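Let me begin by presenting the structure, written as structure tokens, before commenting on it.
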Amino acid sequence: MVNSMRKLCPNFDKEDGLETVLEVPIPEEMFNNMGSNATLRWQNMRNLMKVQRLDHKSSSYAATGLRNDQFIMLLKLVGSALIPFQVQFGRPVTLPLKDASMEASTAKYIVQQYLAATGGYAAHNAASSMYAVGQVKMVTSDMAESGQNPNSKRSSEVGGFVLWQKNPDLWFLELVVSGCTVSAGSDGKVAWSQSSSNSSASKGPPRPLRRFFQGLDPRSIASLFLNAVCTGEKTIKNEDCFMLRLETSSDILKAQSTPNTEIVHHTIWGYFSQRTGLLIQFEDTKLVRMKAAKGDDSVFYETSMESVLEDYKYVEGLNIAHGGTTRATIYRYGSKANRKWKIEETWTIEDIDFNICGLSMDCFLPPADVKKEQENEVQGMG
């Protein structure tokens, strides 16, 4: 993606007034798709700024056969997915190897090589916060029935995102794609997500955003795979890689389940280049059982996500991936008709910086309805 990003919006109330800075920069392609002429485009831009949502007639996906709620579901899946583990900074990278298996010892050695390849301890410890701006292109497909041509319901959308982070549990993401908005964050106590249509809090302790592990946050990546095991080797994009696997424990799965949902398993893989030590591919699979209100029938949702990381560049001493592709599949089966959706995201990092001044707790506050939900839960426990 080589299109420039639009960061300013004209003043609609005063012709000679100062332009407004967009909270989320958008690609020129997205702006051009907002209407057939300049007046309509600026009208839709104004709507986007005011209510963070375009009219369906102005969004290209509305004509593809993919419903708005389905598109939002896929957008949240690839845009704001969470990792089940808490990231812990400050612990030594070289954990005691006594009684450790060969697979676990090898994984720790690979993590050490990765730390060196991404800048070393000094650069990692010097970064206390982060800001990133990127643009994305989403290609979705909906296979409603078995055997259906996967190209029969495809749409291609463009958008942008802004990501803020303050170590380790404070982060905020805002993603805008063709008029649909997804935001997510963590205030250190709860992780939450919000779309154009609803918001919800995630049960359990705060969790990191999956997007951090797409080459943006080397220290979190190293912390995550410190407890992994090396299960073999694999060639990815002509790179010979070590394969590290991490299984989510039953205690974590239980803590993140709800009375109506059971997380059956969540497995994570990291593929590290034997030549450079860098993370080349990041994968995870998750199986969730939705319990039926009555009877024994359940619906299962199996999601698989695969991210290929590219274009590593040094920023303030840290080697950061500036582009890549994530392919995600969600497969629903059980008592209802089987169905499969696919979405592919290609992203490019336009700007990234570390140690942001003035980044306070106020930048990570959850929406009012999520905060109210937290307070009601606390009162209910009292």
Side-chain angles (χ1 to χ4, degrees), residues 73-74 76-89 91 95 100-101 103-104 107 111 168-169 171 184-193 199-214 217 220-231 243-271 281-293 295-307 326 328-336 340-341 366 370 373-374 377 380-381:
M73 175 188 69
L74 294 174
K76 291 181 71 173
L77 169 66
V78 74
S80 61
L82 303 179
I83 292 298
F85 298 91
Q86 283 187 278
V87 174
Q88 298 179 1
F89 296 155
R91 58 175 177 162
L95 292 179
S101 66
E103 293 82 1
V111 170
D169 292 327
W171 56 267
S186 169
D187 64 352
K189 298 179 181 179
V190 64
W192 56 270
S193 64
S199 62
S200 62
S202 301
K203 184 184 178 184
R207 283 170 273 167
L209 187 70
R210 187 186 188 278
R211 194 171 292 273
F212 289 131
F213 301 90
Q214 296 172 191
D217 187 354
S220 290
I221 293 170
S223 177
L224 178 70
F225 285 104
L226 200 56
N227 292 321
V229 293
C230 182
T231 59
M243 183 168 57
L244 271 58
R245 189 188 74 222
L246 190 62
E247 294 285 353
T248 307
S249 70
S250 58
D251 291 341
I252 294 177
L253 295 176
K254 185 176 181 180
Q256 295 175 3
S257 298
T258 69
N260 298 322
T261 63
E262 175 193 0
I263 304 177
V264 181
H265 73 76
H266 197 158
T267 307
I268 296 171
W269 292 270
Y271 299 87
Q281 186 165 301
F282 182 81
E283 294 180 9
D284 68 308
T285 62
K286 180 180 180 180
L287 179 63
V288 178
R289 182 169 74 95
M290 306 290 293
K291 303 174 184 177
D296 298 328
D297 291 337
S298 297
V299 177
F300 292 86
Y301 285 85
E302 184 173 8
T303 60
S304 300
M305 300 182 67
E306 171 188 295
S307 299
T326 295
T329 302
I330 180 168
Y331 179 41
R332 185 189 69 194
Y333 58 92
S335 59
K336 296 182 180 180
K340 182 181 289 186
W341 298 270
V370 172
E373 182 179 333
Q374 287 180 270
E377 289 182 358
M381 295 172 61

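These figures come from a predicted structure and were not determined experimentally.
A 4.5 Å side-chain heavy-atom check between Arg332 and Trp341 finds at least one atom pair inside the cut-off. For the pair Phe225 and Phe282, the minimum side-chain heavy-atom distance is below 4.5 Å. In this structure, Lys340 and Thr329 have side chains that are in contact, with non-hydrogen atoms separated by less than 4.5 Å. Between Leu209 and Leu82 there is a side-chain heavy-atom pair separated by less than 4.5 Å. The shortest distance between side-chain heavy atoms of Ile83 and Arg207 does not fall below 4.5 Å. Side-chain contact check for Met305 versus Leu77: some heavy-atom pair is nearer than 4.5 Å.
In terms of modelled atom types and a separation under 3.5 Å, the side chain of Ser257 and the main chain of Ile263 share a donor-acceptor contact. The main-chain N or O of Val190 is found under 3.5 Å from a side-chain atom of Asp187 such that the two form a donor-acceptor pair.
Contact record, Ala107 with Cys230: CB-N, 3.9 Å, taken as the closest heavy-atom pair. Heavy atoms only, all atoms of each residue included: Pro206 and Lys189 are closest at CD-O, 3.6 Å. Ser304 and Thr285 make their closest contact through OG-CG2, 3.6 Å (heavy atoms, listed as atom of the first residue, atom of the second, distance).
By the side chain to side chain contact (heavy atoms under 4.5 Å, CB included) test, Thr248 is found to be paired with Pro84, Phe85, Ile252, Leu253, His266, residues two or more places apart in sequence or in another chain being considered. For Tyr271, there are no ring-ring contact (aromatic ring centres under 6.0 Å, His included) partners two or more places apart in sequence or in a different chain.
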* To do: Determine, step by step, whether Ser307 and Arg210 satisfy the side-chain contact (heavy atoms from CB on, under 4.5 Å) criterion, reporting the C-alpha distance in whole Å, the side-chain angles of both residues, the deciding distance to 0.1 Å, and the verdict.
  => CA-CA 10 Å; Ser307 299; Arg210 187 186 188 278; 2.8 Å; yes

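Between atom CD of residue Gln86 and atom CG of residue Leu224 there is a gap of 12.5 Å, rounded to the nearest 0.5 Å. Remark: Ser249 OG to Lys254 NZ distance equals 11.5 Å, nearest 0.5 Å. Of the inter-residue distances, the one linking Ile268 atom CD1 with Glu247 atom CD reads 9.0 Å to the nearest 0.5 angstrom.
Here the rule is side-chain contact (heavy atoms from CB on, under 4.5 Å) with Val288, and of Thr261, Val299, Ile330 only Thr261 fits it.
Note: Trp171 and Phe212 have perpendicular aromatic rings, judged against thresholds of 30 and 60 degrees for the angle between ring planes.
Atom CZ of Arg245 has 12 or fewer neighbouring heavy atoms from other residues, nucleotides or ligands inside a 6.0 Å radius.
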